Amino acid sequence: MGWASLGSAQIQTLNLQVAGANRSTILYVPAGSLSKPALVFLLHGLGGNGPGMRSLTQMDKVADREKFIVAYPNAVDGTWDYAGAKNDFAFLKAIIDTTVARYQVDRNRVYVSGFSQGGGMTFFAGFTYPDIYAAIAPVSSVGTGAPTPKRPIPILLTFGTKDLYPPATFMVSVAGWNKFDSCDATPNVIRPYPATNTNSAVTRLTFGNCAQGTEIVVDSVKDGGHEWPNNTATKVNNSEEVWAFFKKFTLDRATTSIAIRPVAVKSRPILFQTGSRLWGIPDESGFINSFDSQGRQLPTIGESQER
C-alpha cells in the first residue's frame, strides 16, 4: 500500500531498541492522506532533545501543509556520537525502517537537518550514508572531520556572521564541498534574501550546475548568532527554507554507480575574508572564485595579509 490516511495529526513518542539500548524520537505525522511521504530528520544541538528541537524549529507547521513526516530524535545524554559508539547512525536507520513500515515513507526522499552539534551529525550522517539521505541542511556547523561522501550531495548551509565560528571557517568548508560536487565556481548572489524583503539581513549564495543535479546553497545572516533563524521580518523562516531546498531533490536508488564530473580549472589560491584579514588558501587541484559571506568577490593574493 502506498498511502496512509489519518483523521488528525499524530504526535508520537516512538521507542526503539537499537543495539540493546532504549532509544526514542518524537514523530510528527500530519493529518490527511499521505502518499509515500518524505521523512525529514531534525537533530538537536548539544545538551538538547527532540521536544526542544520541535519547539525551536516549528517544522510541524510546514509538514502540515506539505504532507511530510518529521522525526525529532533524542541523542543519548544529549550528545550525538559521530564515531558510532552510541549507534546513532543505526538509530536513524531504525526510524526510517519503522516509518516505511507504518506510513510507507518514500526511501528516495529522506532528508536530514540539524542545529549546532546536530548540524555536525547531519554532515556525518549525510556524508557517511549518501545512499540513504537525498540532501542535508546543517545549521551553525562546519562538519569538521566528516568523511568524503561517495556521491555528490546537495547541501544547504545556514550560519550567522557572529556565530561560534567566523565566516571564513564556514566558507573554507563550502570551498571543499564546491570542489567535490563540481559546481560552478561563481555563485549566484541574492542580497538581501529574499529580494522582496529589503529589511532582510540574509545573503544567499547558490553554487549551481553541480554534478548529478546537486546544488550548494549558503545562507549567511549578517550579525546573526548561533541560532536557527525564524524571524521573517529581518531574517528567514529557516524551516521553510530547509523544506523548499529538500523537496527539489530525490535519490535514484536504482543507480549502482556514480560518476563524478571532472573539474577543468587553473591553479590559483582560494581566499576568504574575516574582518579585515584575507586568508589565502592554496588549492592544489584547481581554482575556485573566492567570495566572502556577503557574496563579494575577493582579490587574488598568494598569502594571507592585513589590508
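Computed from a predicted model, the values in this text were never measured in an experiment. Only heavy atoms go into these numbers, but all of them, side chains included; no hydrogens, no water, no symmetry mates.
A donor-acceptor pair under 3.5 Å links the side-chain atoms of D106 to the main chain of N108, judged by distance alone. Panel note: side chain Y111, backbone F249; a donor-acceptor pair is recorded below 3.5 Å. Although no hydrogens or angles enter the test, the distance criterion places a donor-acceptor pair under 3.5 Å between the side chain of D81 and the main chain of K86. A distance-only check finds a donor-acceptor pair linking the side chain of N74 to the backbone of G50 [under 3.5 Å]. With hydrogens and angles disregarded, no donor-acceptor distance shorter than 3.5 Å links the side chain of T122 to the backbone of I136. Of the possible donor and acceptor atoms, none in the side chain of T128 sits under 3.5 Å from a partner among the backbone N and O of A125. Of the possible donor and acceptor atoms, none in the side chain of S55 sits under 3.5 Å from a partner among the backbone N and O of G52.
For the residue pair W228 / S116, no side-chain donor-acceptor distance below 3.5 Å is found, with atom types taken as modelled.
With sequence neighbours excluded, the residues satisfying side chain to side chain contact (heavy atoms under 4.5 Å, CB included) with T234 are N231. For K162, the side chain to side chain contact (heavy atoms under 4.5 Å, CB included) test picks out D223, with sequence neighbours left out. Applying the side chain to side chain contact (heavy atoms under 4.5 Å, CB included) test to S200 and every residue at least two apart in sequence or in another chain returns P192, P194, N197, V202. The side chain to side chain contact (heavy atoms under 4.5 Å, CB included) test applied to Y165 returns V142, T169, F170, not counting sequence neighbours.
Minimum interatomic distance between N87 and A19 (heavy atoms only, all atoms of both residues): ND2-CB, 3.3 Å. Nearest heavy-atom pair across F123 and P138 is CZ-CG, 3.2 Å. Here the closest non-hydrogen pair linking I153 and A134 is CG1-O, 4.5 Å. In this structure, Y193 and E241 approach most closely via the heavy-atom pair OH-OE1, 2.8 Å. The minimum heavy-atom distance between D184 and N178, with the atom names listed, is O-OD1, 3.5 Å.
Residue pairs meeting the salt bridge (charged side-chain N to carboxylate O under 4.0 Å, His left out) criterion with at least one member in residues 17-30, sequence neighbours excluded: R23-D88. For residues 62-74, every residue pair satisfying the salt bridge (charged side-chain N to carboxylate O under 4.0 Å, His left out) rule, not counting sequence neighbours, is listed here: R65-E240, E66-K247.
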Report task. Walk me through it: do R54 and D60 pass the test salt bridge (charged side-chain N to carboxylate O under 4.0 Å, His left out)? Result -> CA-CA 8 Å; R54 179 173 176 244; D60 294 1; 2.5 Å; yes
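The number of heavy-atom neighbours closer than 6.0 Å to CG of N15, taken from other residues, nucleotides and ligands shown, is above 12. Atom NZ of K61 sits in a sparse spot, with 12 or fewer heavy atoms from other residues, nucleotides or ligands closer than 6.0 Å.
Taking the six-membered ring where the residue is Trp, W80 and F91 present parallel rings, their angle staying beneath 30° rather than reaching 60°.
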